[in-house]
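A, B, ... follow the sequence lines: proteins, then strands. Residue 1 opens every chain.
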There are 2 protein chains.
Amino acid sequence: MKKDVLAPAAEAFTLTEKLQRGDLLSAACPSRTVLKHITSRWGVLTLMVLEDGQTRRFSELRRLIDGVSERMLAQTLQWLEADGLVNRVAYDVVPPHVEYTLTPLGQQAAQKVRALADWVEVSFPDVQQHWNSKLAS
Amino acid sequence: MKKDVLAPAAEAFTLTEKLQRGDLLSAACPSRTVLKHITSRWGVLTLMVLEDGQTRRFSELRRLIDGVSERMLAQTLQWLEADGLVNRVAYDVVPPHVEYTLTPLGQQAAQKVRALADWVEVSFPDVQQHWNSKLAS
DNA sequence: TTTCATACTTACCTTTCTGTACGTACTTAC
DNA sequence: GTAAGTACGTACAGAAAGGTAAGTATGAAA
C-alpha cells in the first residue's frame with residue numbers, strides 16, 4: 001500500500017529554482033502538479049465554495065459539494081493545504097471540529113477558478129445547444 | 001431529421017434546458033461534463049496554446065504541449081470540438097492536414113483558462129516555498 | 001439506551017484514464 | 001530505395017482516480 005504523496009520530493013535546489021516562474025508546457029515542470037490539484041475534479045469545486053471567504057467545516061463542504069465522498073474531500077483538502085491554498089484549523093474536541101479557509105494565495109487561485117466556473121455555468125446553454133445540433137447530423 | 005422523432009420529449013425540454021444556467025455544485029448537472037473537458041489534464045494545456053488565436057495543426061499542438069500522446073491529444077480535441085470550443089478543418093490531401101482554431105465560445109473559455117494557468121505559473125514559486133517549509137515540520 | 005453526527009483513515013474493489021504500439025496511404029527528402 | 005512525416009483509429013495493459021464500507025471516540029438528542 002502506498003502513501004499519498006502531497007508534495008514532490010524535496011530537491012536541494014535553491015534560489016534559481018525558487019524564484020523561477022513555472023512553465024506548464026514543459027512536461028517536467030512541477031507546476032503541473034499544482035495545476036492538477038487545482039483543476040482536479042473536486043479541487044475546482046472546493047475552491048469555488050470557499051471563494052466567498054467564509055470559514056467552512058468539513059461536513060459543511062461535504063454537503064455543499066454535491067457528490068463528493070468523505071475520502072475524496074479529505075484528500076483534496078490535503079492537497080490544497082499542502083500547496084498553501086487552504087488553511088486548516090482543528091479544535092481538539094471530542095466530536096471532531098475542523099475549519100477550513102482560504103489562505104491569501106488560495107483566494108487568488110479561487111478567484112481564477114470561480115471566473116472559469118462561472119463562465120462554464122453561464123455558457124453551458126450554448127454548449128448544450130451545440131450538443132443538440134450535432135445530433136441531427 | 002431525427003429531431004422530429006424526438007420532438008415531444010425534446011420540445012418540452014428545450015426551453016428550460018436552453019435557458020438555464022448550469023449548476024456545477026449539483027452532481028447531476030451536465031455542466032460538470034463541460035468542466036471536466038476543459039479542466040482535463042490536456043484540455044487546459046490545449047486551450048492555453050490555442051488562446052493566442054492562431055490556427056494550429058495537429059502535429060504543431062503535439063509539439064507545443066510537451067508530453068501529450070497522439071491518442072490523448074486527438075481525444076481532447078474531439079471533446080472540445082463536440083462542446084463547440086474548437087473548430088476543426090480537415091483538408092482532404094494525402095499526407096493529412098488538419099487545422100484547429102478556437103471558436104468564439106472557445107476564446108472565452110480559453111481566456112479564463114489562461115488566467116488560471118498564468119496564475120499557477122507566476123505563483124508557483126510561492127507554492128514551492130510552502131512545500132519546502134513543510135518539510136522541516 | 002440506542003442512534004446519530006463529527007472528521008477523518010484504511011482496505012478493497014471498480015471505473016476511468018492514459019500511454020504504447022501498430023496500422024494507414026501517400027508524399028517528400030535523403 | 002528507404003526512412004520520415006502526417007492525423008488519426010484501435011487494441012491492449014498498466015496506472016491512477018474514485019466509490020463503498022467499516023472503524024474511532026465521544027457528546028448530544030431521541
Side-chain angles (χ1 to χ4, degrees), chain A residues 1-8 24 26-28 30 32-46 49-50 55-83 86-101, chain B residues 24 27-28 30 32-46 49-50 55-82 86-101:
Chain A
M1 112 187 172
K2 49 169 119 163
K3 209 155 187 218
D4 291 318
V5 179
L6 297 178
L24 289 170
S26 296
R32 283 211 179 163
T33 302
V34 181
L35 183 70
K36 187 182 186 174
H37 295 163
I38 294 176
T39 61
S40 69
R41 179 163 182 195
W42 305 115
V44 178
L45 301 178
T46 301
V49 168
L50 289 172
T55 291
R56 302 285 190 180
R57 292 186 62 174
F58 184 87
S59 54
E60 258 183 297
L61 290 171
R62 179 148 166 44
R63 267 177 254 118
L64 289 168
I65 303 169
D66 191 23
V68 227
S69 62
E70 295 191 355
R71 194 174 90 81
M72 278 297 104
L73 181 56
Q75 159 120 212
T76 301
L77 286 167
Q78 281 168 18
W79 283 338
L80 298 178
E81 192 197 352
D83 291 346
V86 313
N87 227 302
R88 190 187 106 111
V89 179
Y91 297 92
D92 194 17
V93 292
V94 187
H97 184 121
V98 182
E99 297 184 341
Y100 291 93
T101 333
Chain B
L24 289 170
R32 283 212 179 164
T33 302
V34 181
L35 183 70
K36 188 183 188 171
H37 294 164
I38 293 175
T39 62
S40 69
R41 179 163 182 196
W42 306 114
V44 178
L45 301 178
T46 301
V49 168
L50 289 173
T55 292
R56 301 285 189 180
R57 293 187 61 174
F58 184 86
S59 54
E60 257 183 299
L61 290 171
R62 180 148 166 43
R63 270 184 300 259
L64 288 168
I65 304 168
D66 191 23
V68 228
S69 62
E70 295 192 354
R71 195 175 92 78
M72 278 298 103
L73 180 57
Q75 160 115 229
T76 301
L77 286 167
Q78 281 167 18
W79 282 337
L80 299 178
E81 192 196 353
V86 313
N87 227 302
R88 192 187 104 112
V89 180
Y91 297 93
D92 194 16
V93 291
V94 187
H97 184 122
V98 182
E99 295 184 340
Y100 292 92
T101 333

Closer than 4.0 Å, any side-chain N/O of [X] to the OP1 or OP2 of [N]?
X: B:W42; N: C:dG19; answer: yes
X: A:R63; N: C:dT6; answer: yes
X: A:S59; N: C:dT6; answer: yes

Which atom of [X] lies closest to which atom of [Y], heavy atoms considered:
X: A:V49; Y: A:I65; answer: CG2-CG1, 3.9 Å
X: A:T76; Y: A:W42; answer: OG1-CB, 3.6 Å
X: B:L61; Y: B:L50; answer: CD2-CD2, 4.0 Å
X: A:R32; Y: B:D66; answer: NH2-O, 2.8 Å

Pair partner, C:dC30 [Watson-Crick or wobble, under 3.5 Å]: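 Because both required distances fall under 3.5 Å, C:dC30 counts as paired with D:dG1.
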Where the side chain of [X] is defined as all heavy atoms beyond and including C-beta, which of [options] is the nearest nucleotide?
X: B:R88; options: C:dG19, D:dA7, C:dA7; result: D:dA7
X: B:V98; options: C:dA7, D:dC8, D:dT6; result: D:dC8
X: A:P96; options: C:dA7, C:dG19, D:dG18; result: C:dA7
X: B:K36; options: C:dT27, C:dC17, C:dA7; result: C:dC17
X: B:R71; options: C:dT20, C:dC26, C:dC8; result: C:dT20
X: B:R41; options: C:dC8, C:dG19, D:dG19; result: C:dG19
X: A:M72; options: C:dA7, C:dT9, D:dG19; result: D:dG19

Would you kindly give the [atom1]-to-[atom2] distance between [X] and [N], to the nearest whole Å?
X: B:E99; N: D:dC8; atom1: CD; atom2: C1'; result: 16 Å
X: B:E81; N: D:dA7; atom1: CD; atom2: C1'; result: 13 Å
X: A:E70; N: C:dC4; atom1: CD; atom2: P; result: 15 Å
X: A:L73; N: C:dA7; atom1: CG; atom2: C1'; result: 10 Å
X: A:D66; N: D:dG18; atom1: CG; atom2: P; result: 16 Å
X: B:E60; N: D:dG5; atom1: CD; atom2: P; result: 15 Å
X: B:F58; N: D:dA7; atom1: CZ; atom2: C1'; result: 6 Å
X: B:H97; N: C:dT28; atom1: NE2; atom2: C1'; result: 16 Å

With a 4.0 Å cut-off on heavy atoms, is [X] in touch with a base, just the backbone sugar-phosphate, or nothing at all?
X: B:Q78; value: sugar-phosphate
X: B:R57; value: sugar-phosphate
X: B:R62; value: nothing
X: A:Y100; value: sugar-phosphate

One pair to check against side-chain contact (heavy atoms from CB on, under 4.5 Å): A:R88 and A:L77. What are the steps and the verdict? CA-CA 9 Å; A:R88 190 187 106 111; A:L77 286 167; over 6 Å; no
Would you call the rings of A:F58 and A:Y100 parallel, tilted or perpendicular, taking 30° and 60° as the class edges? tilted
